[in-house]
Amino acid sequence: MTASDAGTTAATETTAVGAAAPTGDGSGLYLVDGSGFIFRAFHALPMLTRPDGTPVNAVLGFSNMLLKLLADIKAEAVAVVFDSKRLNFRNEFYPDYKAHRPEPPEELKPQFALIREATEAFCLPCLELEGYEADDLIATYARLAQEAGREVTIVSSDKDLMQLVRPGVGMFDPMKNKTIGPDEVFEKFGVAPDKVVDVQALAGDSVDNVPGVPGIGVKTAAQLITEYGDLESLLANAGKIKQPARRQKLIDFADQARVSRRLVLLDDNAPPPKPLDELRVREPDHQKLIDFLRAQGFRSIVTRVEMEMQKDGRLADGATFPAAAPSASSAAAATPAAADAAVPPSAAAGPEERPARRTVLTVPEVRYELVQDADALRAWVDRARETGVLAVDTETDSLTPATATLVGVSLSTAPGLACYIPLAHVAPGTVAGQLDFDAPPPPVQIPTSEAMAILKDVLEDPSVLKIGHNFKFDHQLFARNGIRVAPVDDSMLISYVLEGGAHGHGMDELAELHLAYTPIPFKEVCGTGKAQITFDRVPLDKALAYAAEDADVTLRLWTLLKPRLVDERLVTVYETLDRPLIPVVADMERAGVHIDRQALAGLSQDLSVRLAEIEKDVHALAGQSFNIGSPKQLGEILFDGLKLGTGKKGKTGAYSTDSSVLEELAEQGHTIAQRVLDWRQLAKLKSTYTDALQEKISPVTGRVHTAFALAATNTGRLSSTDPNLQNIPVRTEEGKKIRRAFIASPGHKLLSVDYSQIELRLVAEMANIQALKDAFRDGLDIHAATAAQVFGIPLEQMTPDIRRKAKAINFGIIYGISGFGLSRQLGIAPGEANAFIKAYLERFHELKVWMESIKTFARQHGHVVTLFGRRCYMPGIQDKNAARRAFAERQAINAPIQGTAADIMKRAMNRMPAALAAAGSSARMLLQVHDELLFEVPEAEAEDTARIVRGVMEGAAQLGVPLVAEAGIGDNWEEAH
DNA sequence: GGTCTCACG
DNA sequence: GACGTACGTGAGACCT
């Protein structure tokens with residue numbers, strides 16, 4: 001099992017298993033969009049030249065793709081379609097069509113002819129026709145083939161071809177390795193394929209210079225077409241559109257929309273340059289193909305083709321993984337072919353396939369070795385010493401590293417060169433936890449202890465940099481085996497520092513993004529759901545392919561991303577904030593926290609009884625039995641059945657029943673609403689906390705081990721999962737009982753230290769608000785002080801209600817204030833809230849300036865920056881939709897504040913272990929809750945440790961406002977907090 | 001798998 | 001002039 005994604009939000013799986021499985025009946029026709037492919041391959045692959053200097057990266061991508069396609073679809077027909085050089089019929093009625101297209105890059109130009117040569121070398125027909133684009137020919141042949149009863153697959157990712165998708169005509173994107181069917185088209189355009197041209201006619205396309213209707217994008221277009229059926233009906237009914245601006249645009253630009261539709265509509269009546277019947281499979285002329293490939297310097301492909309020829313004389317599947325047979329660890333033989341070593345493996349991968357076939361054909365440039373004896377492992381260690389870098393990945397039987405069993409380790413010392421060392425594999429098919437004396441013996445493996453002894457030297461060698469993806473996971477596993485890995489680099493954290501907020505940072509997602517490569521999905525190796533197996537049951541050949549690839553990809557990502565830290569001035573953020581956190585947080589997770597199981601079980605029991613009572617009451621009040629936990633049923637009972645007001649419906653048409661709605665009803669005297677609120681609170685506590693937490697107690701350590709995600713949030717905060725220990729109840733009396741179940745080990749105390757008002761202090765600091773800074777320096781009650789200043793009331797006359805209002809505004813500032821939000825929070829009229837904000841901004845005029853400057857910066861750069869230089873990307877800041885843009889603007893205000901607080905906390909955490917050690921404290925840091933740290937400390941050391949921790953936290957940043965940290969000590973978390 | 005609701009900072 | 005709203009998270013239950 002891998003943990004590569006564990007630190008981030010789950011990466012979307014782009015590859016559906018079994019996608020694009022060819023029909024294989026021999027009648028299918030594959031129409032390859034040659035022109036489209038050239039551009040995409042050119043931009044996706046690194047530059048590569050022939051010995052004579054001719055650029056060939058797109059040619060290699062194209063050749064790989066064809067090879068893959070031919071191997072996969074066997075005896076079916078493939079034709080490659082190209083644009084003609086000249087203008088086409090569209091320019092006759094719209095001269096500007098594609099007028100803005102820049103000239104192709106110089107490195108691409110010579111590759112056009114080479115790609116036609118490549119097609120011929122593969123003995124595949126080239127289709128092109130003057131006056132027509134490739135897309136028109138594809139449309140034409142798709143129609144002809146379909147009329148002849150043949151299935152058609154269009155190999156392209158061009159959205160302009162999506163209009164052709166229909167029963168019998170599919171698309172396949174060879175670079176993303178993804179089929180495009182009606183669902184994918186709908187995802188892209190918001191309508192079925194047959195309505196795509198209508199949407200495009202409205203939305204236009206700046207790349208092709210299709211004008212469309214100004215102000216209408218794909219989203220709006222899809223909505224309009226869905227409502228009115230098609231373009232003509234929409235234009236005929238344009239007068240009925242509610243939004244005045246939109247109505248006028250549709251009337252003014254009706255003809256432009258019609259022209260746009262003609263531009264995007266493909267002509268499926270082109271005169272076919274070759275008869276359909278000629279598009280059959282032809283036996284490739286291997287010698288011709290080899291000559292061509294050799295002339296380009298594609299040594300590794302040539303080898304593959306030759307191997308296939310020796311085998312059975314034609315391109316076929318069934319090849320075996322080259323490294324699956326343990327090779328002696330001769331480094332020379334393992335060096336990838338120089339000519340195309342820079343190409344990511346299978347950048348031109350074809351359709352999804354069985355694991356056994358993801359082999360020579362898709363991963364041509366790699367040498368993966370299975371290491372089963374100590375000498376072979378030592379050779380890898382030696383190689384790491386030579387290179388000074390070593391990518392490392394561990395495989396385990398669970399995602400909880402504090403308790404998981406180490407199943408194997410993979411290493412990589414150079415791109416394409418990796419190994420897998422199985423350690424705890426059993427014979428495939430072995431049933432877990434069952435004694436079976438007839439079971440086959442486990443495979444040959446180095447004993448874990450011996451392997452660890454060999455690895456320890458290099459993993460702790462200060463001159464060898466260890467690289468991982470989400471290395472915190474691996475760090476824990478090695479720590480449990482007595483190895484403190486250092487120094488380490490983490491490709492996930494580097495990506496997070498470079499592009500946090502722009503996308504996820506799981507390995508698969510980054511491989512797609514940066515390497516145009518789809519790693520073997522975990523589920524392809526271990527299955528999914530009930531049939532899922534643990535990694536120790538995976539056969540070694542599959543384990544090798546998967547695990548070695550992870551180390552390989554990690555190293556490739558690191559090679560690509562690490563230099564950017566310097567280029568983009570982000571080294572300090574990475575080196576001082578995120579990288580040092582790896583061992584610190586790994587140790588926290590490994591420590592875990594002690595939980596009183598009996599206390600939780602007692603609470604669960606108690607809650608069960610009370611929930612049953614409340615449920616009876618609610619059913620009686622409703623006059624019928626129903627599921628209180630179903631918002632849908634509850635809404636219908638309250639508003640349709642009991643008619644307690646009209647109820648407000650959300651966008652899904654369901655009644656809203658959230659606490660604000662129920663509280664309002666309760667205030668009107670409806671007992672049932674209050675009872676439902678009570679039920680909700682208790683049900684939440686029971687299911688999320690008292691029940692779930694008990695199950696998270698590890699049988700191995702007797703403690704609960706959360707996972708802190710280091711690369712998940714948009715602001716630099718950590719998050720906590722499985723279980724989330726950053727949202728343990730604290731506000732209500734019932735909730736506090738749960739917190740009391742978090743206890744110290746015998747002889748120990750829990751110590752909780754939290755920053756006081758850190759975010760508001762940072763607002764004062766960053767916006768340089770003199771009055772606020774003074775108030776903090778004077779140690780005043782900050783909410784009372786702001787109330788006094790904003791409302792002009794002397795502190796002596798302060799009332800709790802006025803202070804409450806000031807507090808709400810202070811919070812609002814941090815959130816990127818809006819009158820609406822504040823009015824809702826305080827239950828006052830929006831006008832009144834706006835007046836408060838106005839008064840606040842007048843009193844603290846520096847704030848307004850600061851907020852404007854942040855928004856301007858965000859608009860210009862697409863990101864904001866914390867005090868310590870961390871970037872937070874906000875993609876929505878340029879959004880055309882005003883609401884989404886406003887949202888992004890509030891994020892832009894909040895992110896530097898929240899993010900700087902997170903940076904400061906990270907600085908404190910990073911300094912903590914050394915500070916504790918220097919003071920002789922044996923306290924262990926257990927949890928971080930954004931502005932709070934929780935420690936477990938021997939009773940006798942508690943007071944001293946509290947002082948040390950406060951000192952580290954308060955000294956974590958030197959600002960114009962003081963940082964204040966407050967400590968509490970107790971037998972349980974509630975007491976300490 | 002999406003939506004709603006709610007626990008925390 | 002319309003839009004949809006306080007920022008950041010994760011988990012469980014329901015429902016399709």
Side-chain angles (χ1 to χ4, degrees), chain A residues 9-10 12-13 242-248 501 627-635 650-662 676-677 680-689 691-693 696 706-709 712-732 734-735 738-739 754-755 757-759 763 808-826 830 833 837 872 874 879-899 901-902 905 927-932 977:
Chain A
T9 45
T12 331
E13 205 58 71
K242 279 189 216 133
Q243 300 90 332
R246 187 174 293 173
R247 183 197 319 130
Q248 201 52 46
N627 185 350
I628 308 175
S630 162
K632 185 164 169 273
Q633 292 181 34
L634 178 64
K651 58 184 166 190
T652 54
Y655 290 115
S656 168
T657 66
D658 66 20
S659 52
S660 68
V661 173
L662 295 178
V676 170
L677 280 168
R680 282 248 181 96
Q681 196 209 354
L682 300 185
K684 175 85 174 180
L685 295 180
K686 181 170 189 292
S687 67
T688 310
Y689 302 105
D691 288 352
L693 274 178
K696 295 292 179 182
T706 185
F708 288 102
T713 69
N714 288 331
T715 56
R717 273 190 178 180
L718 308 189
S719 75
S720 159
T721 60
D722 196 30
N724 181 355
L725 295 186
Q726 289 181 324
N727 71 345
I728 301 302
V730 69
R731 292 170 190 172
T732 65
E734 289 306 318
I738 292 168
R739 218 165 245 246
D754 70 311
Y755 280 116
Q757 301 292 352
I758 186 165
E759 292 192 350
V763 172
I809 308 179
N810 281 337
F811 270 100
I813 297 303
I814 293 166
Y815 297 155
I817 198 148
S818 80
F820 183 92
L822 183 63
S823 73
R824 216 164 58 102
Q825 176 65 33
L826 285 175
I837 294 169
C872 307
M874 18 219 62
D879 204 301
K880 277 191 290 184
N881 178 301
R884 279 198 288 273
R885 204 171 51 244
F887 180 48
E889 285 175 355
R890 291 195 297 273
Q891 291 179 311
I893 300 295
N894 172 258
I897 305 168
Q898 192 182 110
M905 180 56 104
L927 298 176
Q928 186 249 47
V929 192
H930 312 307
D931 64 0
E932 171 190 4
H977 187 74

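These values consider heavy atoms only, across backbone and side chains, with no hydrogens, waters or symmetry-generated copies. Throughout, protein chains are lettered first and strands after them, A, B, ... in sequence-line order, and every chain is numbered starting at 1.
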Hey, does A:Q633 reach any base, or is it just sugar-phosphate, or nothing, if we go heavy atoms under 4.0 Å? sugar-phosphate

Using a heavy-atom cut-off of under 4.0 Å over every strand shown, decide if A:D722 touches base, sugar-phosphate, or nothing. sugar-phosphate

Do the side chains of A:Y815 and A:I897 get nearer than 4.5 Å, heavy atoms only? no

What is the nucleic acid contact for A:A808, judged by heavy atoms within less than 4.0 Å: base, sugar-phosphate only, or nothing? base

Need one value for A:S719: base, sugar-phosphate or nothing, where a base atom within 4.0 Å counts as base even if backbone is also close, heavy atoms only. sugar-phosphate

Between A:Q898 and B:dG9, is there a contact of a side-chain N or O with OP1 or OP2 at under 4.0 Å? no

For A:G816, which contact category applies under a 4.0 Å heavy-atom criterion: base, sugar-phosphate, or nothing? nothing

May I ask you to say what A:F820 touches in the nucleic acid, namely base, sugar-phosphate or nothing, with a heavy-atom cut-off under 4.0 Å? base

With a 4.0 Å limit, can you tell me whether A:N724 has a side-chain N or O closer than that to the phosphate oxygens OP1/OP2 of B:dC8? no

Below 4.0 Å: OP1/OP2 of B:dC4 and any side-chain N or O of A:T657: no

Polar pair under 3.5 Å, donor/acceptor by atom type, side chain A:R717, base B:dG9: yes

Which is true for A:Q681 with a 4.0 Å heavy-atom rule: it touches a base, it touches only sugar-phosphate, or it touches nothing? sugar-phosphate

With heavy atoms under 4.0 Å as the rule, sort A:R731 into base, sugar-phosphate or nothing. base

First of A:H930 and A:S818 reached from the 5' end of DNA chain C, by closest nucleotide: A:S818

Of the listed C:dG10, B:dC8, C:dC3, the closest approach to the A:A883 side chain comes from C:dC3

Please tell me which of the listed nucleotides, B:dA7, C:dC7, C:dA6, lies nearest to the side chain of A:Y689? B:dA7

What is the pairing partner of C:dC3, taking Watson-Crick or G-U wobble pairs with both distances under 3.5 Å in any strand? none

Within the pair A:T721 and C:dG10, is there a side-chain N or O less than 4.0 Å away from OP1 or OP2? no

Give a yes/no answer on whether the side chain of A:R824 brings an N or O atom under 4.0 Å of OP1 or OP2 in C:dA6. yes

